[in-house]
Number of protein chains: 2
Amino acid sequence: MKTPARAKRSAVGKVTLNDVAERVGVSAITISRALRTPEKVSEVLRQRIDEAVQELGYRPNYAARALASARSHTVVVLVPSLSNEVFVDTLSGIYETLHPRGYQVLIGNSRYSKEEEERLLSAYLTHNPDGILVTGFEHTAEVERLLANAGCPVVYMMEMDEQGQRPCVGFSQYECGLAMTNYLLQRGYQRIGFMAVQGDSRVLKRWQGYQDSLKQADRYDPRREYYVPDSSSVGLGAELLAQMLEQAPDLDAVFCCNDDLAQGALFYCQRHGIRVPEQLAIVGFNDLAASAWTVPSLTSIATPRYAIGKRAAELFLQLAEGQTPEQTAFDLGFELVARESA
Amino acid sequence: MKTPARAKRSAVGKVTLNDVAERVGVSAITISRALRTPEKVSEVLRQRIDEAVQELGYRPNYAARALASARSHTVVVLVPSLSNEVFVDTLSGIYETLHPRGYQVLIGNSRYSKEEEERLLSAYLTHNPDGILVTGFEHTAEVERLLANAGCPVVYMMEMDEQGQRPCVGFSQYECGLAMTNYLLQRGYQRIGFMAVQGDSRVLKRWQGYQDSLKQADRYDPRREYYVPDSSSVGLGAELLAQMLEQAPDLDAVFCCNDDLAQGALFYCQRHGIRVPEQLAIVGFNDLAASAWTVPSLTSIATPRYAIGKRAAELFLQLAEGQTPEQTAFDLGFELVARESA
DNA sequence: TTGTAGGCGTTATCAA
DNA sequence: TTGATAACGCCTACAA
């Protein structure tokens, strides 16, 4: 019913700082201060202001704040997938670190597409983020250019920077591949295959580790490698194992580039009466939650994704505060979890 | 090297509309128009503007735009979990519909906490979203108040509004519970248990359906119900089945309130030599990707979550454009997928 | 401790 | 088709 004289273009007649100021009888800036730096406002005033804010239901306008302060309090996070426990866990670590510090997290899901990543980044840059957290070092030239000119700290996640220049938190994917394959060799497996999908740089590095391990043991045979660019899934693991067994029937172990695949491979064996690990050993990667419960349980590599998210966020915070951390590259390691399947 | 006289507080010396305007020799508003409504700018000018934009690398400032236009081009989506395929799929549907229309999607993950949901919504409202997509109808009073006063369309997802007032896209969780239990009865199972976790309203409704089905068949026995408030996981399914079998050893079928649980229950049976479905039938809910591949494969209920996200986003679009759609409540149904486990 | 002035980058409004 | 002007709501800088 009331027609506020002031509001000319005001979107929905939302309560502004000025409304609160009028109500309390002070200037707008004082309200602003009371909200952001309460200690700089007198006790009495602060109390009256808090009340007025409550009564009027004042809610600061994000856009106005971002515009006036030239700080968005926003951190952009670029991940290749959300349907993967790994990145959801990473996001948890990021969120739990950044949220208490007053940052909004803008999630960009590129679906393993570099082009989509480019679009996302380009769009999100209009937000003038205070920081950007990206997955991996493999991007389009344009993305690299955008990141370089973003004017805010950029932290790379999941892998280590080989040039050692850029801030990053991750672990050596190559070492993972090496360690797991060495483990299989050590357990006496002789004809070890590798099942790869997606083909992102992290998978390729694990694969490289696998190859180097076998070559060193003089057991490498390209016929036992299987790669398709499709996105990972349990079903795909089952299908690919069928194909691998056809191509290399003498396989005695498969290293699946991730646990989804490994679970699918295991189910395939269950269905076809192939005993695991007696006839065929199966190992995965990432140690997804279900892998401890399958029968047999899956040997895998546990990756510190939550910790990566957390540390990456912390690193961003340091960088954003203008600190010069002595360390900007964090290798958080990994753990080989030996279970029943190999 | 150049020191732009104008830039006094400019955050990072970003290129603005004015910079482009100067370069082209027109006013800023013309650049703005050329970018938003190219058809309102002359051919020649448009071309020169496009070039200048390219050369200077101009990128509109989201905050300024939102402030000036009182439109954020942002839609807030509140989900209870990201570690659940269901909501990730829903988000895909939303994103794929809204992104091409120029909307940003702000994801809020409440982790099944109503209090966290309240904090999230409160924070996100500062963005003045153009719309809000929420999961379910069960919220704190404050959230309900905030939604009612948000001043933008709100669409509820996953359930149907019993009062039939609010815009919603979902399906009847109750009917799902009913249908699945009827199916089991029909298949001849007599002592059917229910395994519930999380305890959100959707689970409760399925549970209600289960109870009503059994009561009607005069086969209801509360000893066969098992509920813990913990969050769902494969491991929990295994643990709970162990407890259920102890409490009601005569169980001949379990209806798990979702597929995670069902998979865990199945793995428990595999490990303990309980034949499924001969000794114990297992059914789940949601039809997660892996459920088709386990051995035996899991009977479940496929839910149209991608479609729900898509339709909810479309409904929002209609509402946002001021249309009055004749239909604002969409029941997208569900499908019982009979497989080997029951 | 509080206030004044001015501007952040864009768009709505109205005029030319 | 183009432009001048005045917001949008808040914050920085400086002053009192």
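For the numbers below, each heavy atom of this structure counts, side chains included, while hydrogens, waters and symmetry mates do not.
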Next on the checklist: To the nearest 0.5 Å, what is the distance between CG on B:L106 and OG1 on A:T74?
Outcome noted: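 B:L106 atom CG to A:T74 atom OG1 measures 8.0 Å (nearest 0.5 Å).
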Item to check | Straight-line distance of A:I132 CD1 to A:L125 CG, nearest 0.5 Å | outcome: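 The CD1 atom of A:I132 sits 5.0 Å away from the CG atom of A:L125.
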Output the rounded distance in Å from [atom1] ([X]) to [atom2] ([N]).
X	N	atom1	atom2	result
B:L67	C:dG7	CG	P	16 Å
A:R33	C:dG3	CZ	C1'	7 Å
A:N18	D:dC10	CG	P	8 Å
B:L35	C:dA12	CG	P	14 Å
A:N128	C:dG9	CG	C1'	10 Å
B:R36	C:dT11	CZ	C1'	6 Å
A:I31	D:dG9	CD1	C1'	14 Å
B:L17	C:dA12	CG	P	12 Å

Checklist entry - Where the side chain of B:V41 is defined as all heavy atoms beyond and including C-beta, which of D:dC11, C:dC8, D:dT2 is the nearest nucleotide? => result D:dT2
If only side-chain N and O atoms of [X] are considered, is one of them under 4.0 Å from the OP1 or OP2 phosphate oxygen of [N]?
X	N	result
B:S27	D:dG3	yes
A:T30	C:dT2	no
A:S69	D:dC10	no
A:R65	D:dC11	yes

Checklist entry - With a 4.0 Å cut-off on heavy atoms, is B:I29 in touch with a base, just the backbone sugar-phosphate, or nothing at all? => result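 Base: the residue B:I29, judged by heavy atoms under 4.0 Å, touches a nucleobase.
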Item to check | Over 12 non-hydrogen atoms of neighbours within 6.0 angstrom of CD in B:Q54 | outcome: no
Checklist entry - Under the ring pair (Phe, Tyr, Trp, His ring centres under 6.0 Å) rule, what pairs show up with a residue in residues 109-128 of chain B, not counting sequence neighbours? => result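 Matches after skipping sequence neighbours: A:Y62-B:H127.
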Checklist entry - Where does the angle between the aromatic ring planes of A:F137 and A:Y156 fall among parallel (under 30°), tilted (30 to 60°) and perpendicular (over 60°)? => result parallel
Checklist entry - Contacts to DNA chain D from residues 51-63 of chain A, heavy-atom cutoff under 4.0 Å, which residues? => result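 A:Y58, A:P60, A:N61 - these, ordered by number, are the residues of the stretch whose heavy atoms sit under 4.0 Å from the strand.
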